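All heavy atoms count here, side chains included; hydrogens, waters and symmetry mates do not. Just so we're clear, the structure is a prediction, and the values are computed from it rather than from any experiment.
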Amino acid sequence: MIYAETEIKLKNGCTAVVRNARPENAKQMIEYLRTVSGESPFLLREPDEVKFTVEKERAILQNKAESPNEIMLTAYVNGELAGNCSLASQGDKRRTKHRCCVSIALYEKYCNLGLGRILLNTLLGLAKQCGYTQAELGVIEGNERAKHVYESLGFKEYGFLPNSLRYSDGTTRGEYFMVKEL
């Protein structure tokens, strides 16, 4: 899915440019994934588990751009990648094609500027345009900042999976399953 590049104002007065993730940014996206995976305990992987090749990442980004019902958006602040968000189908069968999954991650220094909320609102609007009627996401236990944003956007908690993530030190965190009717 193609999204028309948009400029938005952040709480700190900076301007962010929101656009499709592009195949030519594959290497940058891999580096970003490694960094944000190390900055946050709330993402699904450790930095050393980001093993995409540039070619594989390029193919993923190309597929998102060509998909009629999936997209990956990126946000740039002062020319620097600040984060991304993604919309993915939960299936192509008639019984599940009304459902989509949304995800988001930002570099820590770009949190609390309103960027995450803007990206999610944009993504949810695109989800509706695609004909989805239900958006779903998971939020890791302890990530109250994100959970608050999701709830303020209309997501409701529908379940909890204990021990969803197991960390290198043996500790675990559960995951809340959240849903928003579109």
Side-chain angles (χ1 to χ4, degrees), residues 21 26-54 56-57 59-61 63-64 70-75 80-93 95-124 126-127 132-182:
K27 184 177 181 196
Q28 179 185 41
M29 292 299 292
I30 293 168
E31 292 167 6
Y32 155 79
L33 281 173
R34 284 191 183 115
T35 302
V36 296
S37 294
E39 287 182 338
S40 173
F42 305 121
L43 300 179
L44 300 180
R45 63 176 63 98
E46 296 288 338
D48 64 339
E49 294 176 305
V50 178
K51 297 183 187 262
F52 301 108
T53 63
V54 172
K56 174 74 172 166
E57 182 68 8
I60 290 168
L61 298 176
N63 287 339
K64 289 283 188 187
E70 294 191 356
I71 191 167
M72 184 180 294
L73 295 176
T74 52
E80 180 178 284
L81 180 62
N84 82 318
C85 62
S86 183
L87 172 70
S89 172
Q90 289 287 62
D92 61 354
K93 306 295 183 262
R95 294 181 181 182
T96 60
K97 69 180 184 179
H98 67 286
R99 298 169 51 208
C100 65
C101 179
V102 298
S103 59
I104 184 167
L106 302 174
Y107 280 119
E108 184 62 35
K109 72 181 190 177
Y110 292 107
C111 291
N112 297 315
L113 298 176
L115 180 57
R117 180 180 303 278
I118 291 166
L119 287 172
L120 287 167
N121 270 325
T122 301
L123 208 62
L124 293 169
L126 293 171
Y132 293 115
T133 59
Q134 181 168 300
E136 304 168 6
L137 57 80
V139 60
I140 302 304
E141 179 179 25
N143 194 352
E144 295 307 316
R145 179 175 59 192
K147 192 171 183 211
H148 173 75
V149 171
Y150 301 145
E151 288 170 341
S152 73
L153 293 172
F155 281 89
K156 292 184 172 50
E157 183 184 325
Y158 279 92
F160 181 77
L161 178 63
N163 305 315
S164 180
L165 298 185
R166 180 173 306 277
Y167 298 92
S168 299
D169 66 1
T171 60
T172 63
R173 289 188 193 224
E175 182 175 13
Y176 296 96
F177 183 66
M178 301 185 80
V179 176
K180 175 182 172 65
E181 299 297 323
L182 299 175

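Here the CZ atom belonging to Arg99 is positioned 12.5 Å from the CG atom belonging to Leu182, to the nearest 0.5 angstrom. Taken to the nearest 0.5 Å, the CZ atom of Phe52 stands 9.5 Å off from the CZ atom of Arg34. Atom CZ of residue Phe177 and atom CG of residue Leu137 lie 8.5 Å apart, to the nearest 0.5 angstrom. Atom CG of Leu87 sits about 8.5 Å away from atom CG of Leu73, to the nearest 0.5 Å. If you take OG1 on Thr171 and CG on Asn163, they are separated by 10.0 Å, rounding to the nearest 0.5 Å. Taking CG of Asp48 as the start and OG of Ser168 as the end, the distance is 7.5 Å to the nearest 0.5 Å.
Arg117 has its side chain within reach of Leu153: a pair of non-hydrogen atoms, C-beta onward, lies under 4.5 Å apart. Contact of the Ile71 side chain with the Lys64 side chain is not registered, since no non-hydrogen atoms from C-beta on lie closer than 4.5 Å. With a 4.5 Å cut-off on side-chain heavy atoms, Leu120 and Tyr150 count as touching. Residues Lys156 and Glu181 are not in side-chain contact: their nearest non-hydrogen atoms beyond the backbone lie 4.5 Å or more apart. Proximity of Thr172 to Arg166: side-chain heavy atoms (C-beta onward) are separated by under 4.5 Å at one or more points. Gln134 is not listed as a side-chain neighbour of Lys180, based on a closest heavy-atom distance of 4.5 Å or more. Using a 4.5 Å cut-off on side-chain heavy atoms (C-beta onward), Thr74 and Tyr32 make no contact. Using a 4.5 Å heavy-atom threshold, the side chains of Tyr158 and Glu136 count as separate.
Without hydrogens or angle criteria, Ser37 side chain to Leu33 main chain gives a donor-acceptor distance under 3.5 Å. Of the possible donor and acceptor atoms, none in the side chain of Gln90 sits under 3.5 Å from a partner among the backbone N and O of Thr96. Side-chain atoms of Glu57 do not come within 3.5 Å of backbone N or O of Ala26 as any donor-acceptor pair. For Arg173 (side chain) and Leu165 (main-chain N/O), no donor-acceptor pair under 3.5 Å exists by modelled atom type.
Environment of NE2 in His148: sparse, with no more than 12 heavy atoms of neighbouring residues, nucleotides or ligands closer than 6.0 Å.
By the side-chain hydrogen bond (donor to acceptor under 3.5 Å, both in side chains) test, Thr133 pairs with no residue at all, sequence neighbours left out. Under the rule for a salt bridge (Lys or Arg N to Asp or Glu O under 4.0 Å), the partners of Glu157 that lie at least two apart in sequence or sit in another chain are Lys147.
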Atom pairs and distances, side-chain donor-acceptor, residues 105-116, under 3.5 Å, sequence neighbours left out:
from, atom 1, to, atom 2, distance (Å)
Glu108, OE1, Arg145, NH2, 3.4
Glu108, OE2, Arg145, NH1, 3.4
Lys109, NZ, Glu80, OE2, 2.9
Tyr110, OH, Glu80, OE2, 2.7

Next on the checklist: side-chain contact (heavy atoms from CB on, under 4.5 Å) for Val102 and Phe155? Distances and angles first, verdict last.
Outcome noted: CA-CA 11 Å; Val102 298; Phe155 281 89; 4.0 Å; yes
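Nearest heavy atoms, His98 versus Arg95: CE1-O, 3.2 Å.
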